[in-house]
Amino acid sequence: MILPGGTLGVLGGGQLGRMFTAEARRMGYRVIVVEPTADAPAAQLADRHIIKPWTDTEALDEVAMRCDAVTTEFENVPADVLRALAAHLPVHPSGDAVAITQDRVTEKAFLNHADIATAAWAPMPDATAGATAWDAIGGGPAILKTARMGYDGKGQARLQQRAELDRAFASLGGAPCILERQVDLAKEISVLVARDQHGTCVTWPVGENVHHGGILHSTVVPAGIPDTIAEAARAAAIRIATSLSYVGVLAVEFFVTTDGHVLANELAPRPHNSGHWTLDAAATSQFEQQVRVLAGLPLGDTSLLSPVAMINLLGDLWAGGEPRWERALAVPGVRLHLYGKRDPRAGRKMGHLTATAADAATALHRAEAAFAALTP
Ligand code: ATP
Ligand code: MG
């Protein structure tokens, strides 16, 4: 057990690391962030910022020497870096678990092997594999995704006909891909699960997600889905964490199809944007839970304290000048989270806001009203 006063390391310096750092420091831990960019969101709050790449031996030596345990906030830290650190100190999640989620082909194969349903998919490692993949998924409409490094809908192409496949593959740079059957979505939901070193799992109430232009726009909790579907998704998330021997906080995105099936879409081996609401409306936030699991402390209560809605604040909001924070904060139940990023590029996640209310519909209404009020 690593008690408050101990030092926790985090690989990656983005907003997820920032919120982890804030929770860890609130609980009395010291935090060392490894992140190659200066003035990164997590680095602004950390006790120490090692401004070096994750692969830098000096950086990793310092982490091994000064930290009591280490975690990651970015799924593309090389799995071998996590494996190498694990020879010196506890590392959660493990390099092996993270490696599976770094590639959509190994991820989907793992899910199906664990008896978790997904959309029909086939690997497309190169251009010659197109015809076989197209037939294997039963034809279009389909989505081609790069196997590695995709996020926020980047590295994806949608296609109706087999004839479009070659051009789509080339448009993604010729990198190895996965071809997925496009399913008819009734809803998108996600489940956060935490699993500790003894194998105990807890899940938070299910969130309902809306994406705009491939980027998460809003999450509402509780999700507007039947209890049977929520229970199926929570059970699937626990089975996934257990099959991965996962230790830490893991997010699972699911599709609920128009014919009522629950299909796993993708895994994030870390806290997730769709779990940011837990800071304001759950007994234990996803970030505090990441601290607890890493430190070997008891898992915290995941109960929902109030219906809540979260809306992302992208750089686009700054197009006409500084957003009108005072107007959003005049809406009852609203809380503001900004990540300390200086450059508000279009599509960049700059912060989020949440709104609580007596019911989910009112929470969403408040969050949307606050969001609309921000535009100068
Ligand atoms: P994230 O930002 O969550 O990491 P991503 O870029 O990794 O996103 P996905 O989550 O795979 O990509 O896809 C982004 C969105 O595209 C999904 O949330 C969903 O709306 C849509 N989508 C992806 N795959 C499918 C599918 N097989 N059928 C229907 N819609 C899909
Ligand atoms: Mg996704």
Side-chain angles (χ1 to χ4, degrees), residues 12 14-16 72-77 98 100-112 116-124 133-134 136-160 165 168 171-173 175-192 206-220 223 233 237 240 250-276 286 310-312 314-315 346-349 352:
Q15 61 267 21
L16 301 173
T72 164
E73 63 107 48
F74 176 56
E75 63 265 42
N76 291 314
V77 169
V98 169
I100 288 171
T101 69
Q102 284 176 339
D103 187 300
R104 292 186 195 273
V105 172
T106 54
E107 182 174 79
K108 287 276 189 330
F110 157 78
L111 287 169
N112 293 163
I116 303 289
T118 60
W121 64 276
M124 186 170 167
W134 187 263
I137 65 163
I143 306 183
L144 188 66
K145 305 178 180 177
T146 56
R148 302 182 75 92
M149 293 297 205
Y151 70 100
D152 287 349
K154 293 185 175 60
Q156 299 193 9
R158 293 183 178 234
L159 48 155
Q160 301 292 327
L165 196 49
S171 77
L172 298 178
C177 283
I178 187 171
L179 185 68
E180 286 181 30
R181 184 79 180 260
Q182 189 177 316
V183 301
D184 291 327
L185 302 176
K187 303 238 176 206
E188 294 196 59
I189 60 174
S190 54
V191 177
L192 291 159
V206 178
E208 177 173 337
N209 303 324
V210 171
H211 296 82
H212 288 174
I215 306 179
L216 183 68
H217 169 66
S218 62
T219 300
V220 176
I240 290 166
L250 171 80
V252 187
E253 296 178 3
F254 293 95
F255 300 143
V256 182
T257 64
T258 46
D259 53 0
H261 290 106
V262 179
L263 306 177
N265 173 36
E266 63 172 348
L267 309 178
R270 47 168 174 76
H272 191 255
N273 194 170
S274 66
H276 289 355
Q286 59 174 350
M310 187 278 324
I311 292 185
N312 271 334
L314 304 182
R348 189 176 194 206
K349 290 174 180 169
H352 67 271

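Numbering of ligands and ligand atoms starts at 1, following listing order. In this chain, residues are counted from 1 in sequence order.
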For ligand 1, which is the ligand I care about here, please tell me if Gln182 has any N or O atom under 3.5 Å from one of the ligand's N or O atoms. no
Atom CG in Leu144, atom CG in Leu165: separation rounded to 0.5 Å? 6.0 Å
Is the His276 ring parallel, tilted or perpendicular to the His352 ring (thresholds 30°, 60°)? tilted
To the nearest 0.1 Å, how far is atom 4 (O) of ligand 1 from its closest protein heavy atom, and which atom is that? Glu266 OE2, 2.9 Å
Does ligand 1 have any atom that is closer than 4.0 Å to a heavy atom of Glu75? no
Shortest reach to atom 16 (O) of ligand 1 by a heavy atom, considering only His211, Arg158, His272: Arg158
Which of the numbered atoms in ligand 1 are under 4.0 angstrom from any heavy atom belonging to Ile143? 22 (N), 23 (C), 24 (N), 25 (C), 26 (C), 30 (N), 31 (C)
Give the name of the N/O/S atom in Glu253 that lies closest to the Mg ion (ligand 2). OE1
Kindly give the atom name of the N, O or S atom of Glu266 closest to the Mg ion (ligand 2). OE2
Below a 4.0 angstrom heavy-atom separation, can you tell me which part of Asn265, side chain or backbone, both or neither, approaches ligand 1? side chain
Using heavy-atom distances, let me know which of Arg181, Glu188, Lys349 sits nearest atom 20 (O) of ligand 1. Glu188
Could you tell me whether Arg104 approaches ligand 1 through its side chain, its backbone, both or neither, with non-hydrogen atoms closer than 4.0 Å? side chain
Can you check whether Ile116's main-chain N or O pairs, donor with acceptor, with Asn112's side chain at less than 3.5 Å? yes
Are His272 and Glu253 linked by a side-chain donor-acceptor pair shorter than 3.5 Å? yes
Protein heavy atom at shortest distance from atom 28 (N) of ligand 1: Val183 N, 3.0 Å
Look at atom 2 (O) of ligand 1 and say which protein heavy atom is nearest, naming residue and atom and giving the distance to 0.1 Å. Asp152 N, 2.8 Å
Give the contacting part of Gln156 toward ligand 1: side chain, backbone, both or neither, where contact means a heavy-atom distance below 4.0 Å. side chain
Check each heavy atom of Leu185 against ligand 1 and say whether those closer than 4.0 Å belong to the side chain, the backbone, both or neither. side chain
Is there a side-chain contact (heavy atoms from CB on, under 4.5 Å) between Asn312 and His212? Walk through the geometry before answering. CA-CA 10 Å; Asn312 271 334; His212 288 174; over 6 Å; no
Just wondering, do Tyr151 and Asn76 contact through their side chains at under 4.5 Å, heavy atoms? no
Please collect all salt bridge (Lys or Arg N to Asp or Glu O under 4.0 Å) contacts where either partner lies in residues 261-270, sequence neighbours excluded, each pair once. Glu75-Arg270, Arg104-Glu266
Could you note down all residue pairs passing salt bridge (Lys or Arg N to Asp or Glu O under 4.0 Å) where residues 175-186 supplies at least one of them, sequence neighbours left out? Lys108-Glu180, Lys145-Glu180
Report the C-alpha distance between Leu111 and Trp121 in whole Å, list the side-chain angles of each, state the deciding distance to 0.1 Å, and finish with yes or no for side-chain contact (heavy atoms from CB on, under 4.5 Å). CA-CA 12 Å; Leu111 287 169; Trp121 64 276; over 6 Å; no
CG of Asp152 to CG of Leu314, rounded to nearest 0.5 Å, is 8.0 Å
Identify, by atom number and element, the atoms of ligand 1 in contact range of Glu253, meaning under 4.0 Å from any of its heavy atoms. 3 (O), 10 (O)
Just need the protein heavy atom nearest to atom 24 (N) of ligand 1, so name the residue and atom and give the distance. Lys145 NZ, 2.9 Å
Going by heavy atoms, is Trp121 under 4.0 Å from ligand 1? no
Ranked by distance from atom 6 (O) of ligand 1, the top protein heavy atom is Gly153 N, 2.5 Å
Going through the checks in order, is the side-chain contact (heavy atoms from CB on, under 4.5 Å) test met by Glu188 and Phe254? CA-CA 6 Å; Glu188 294 196 59; Phe254 293 95; over 6 Å; no
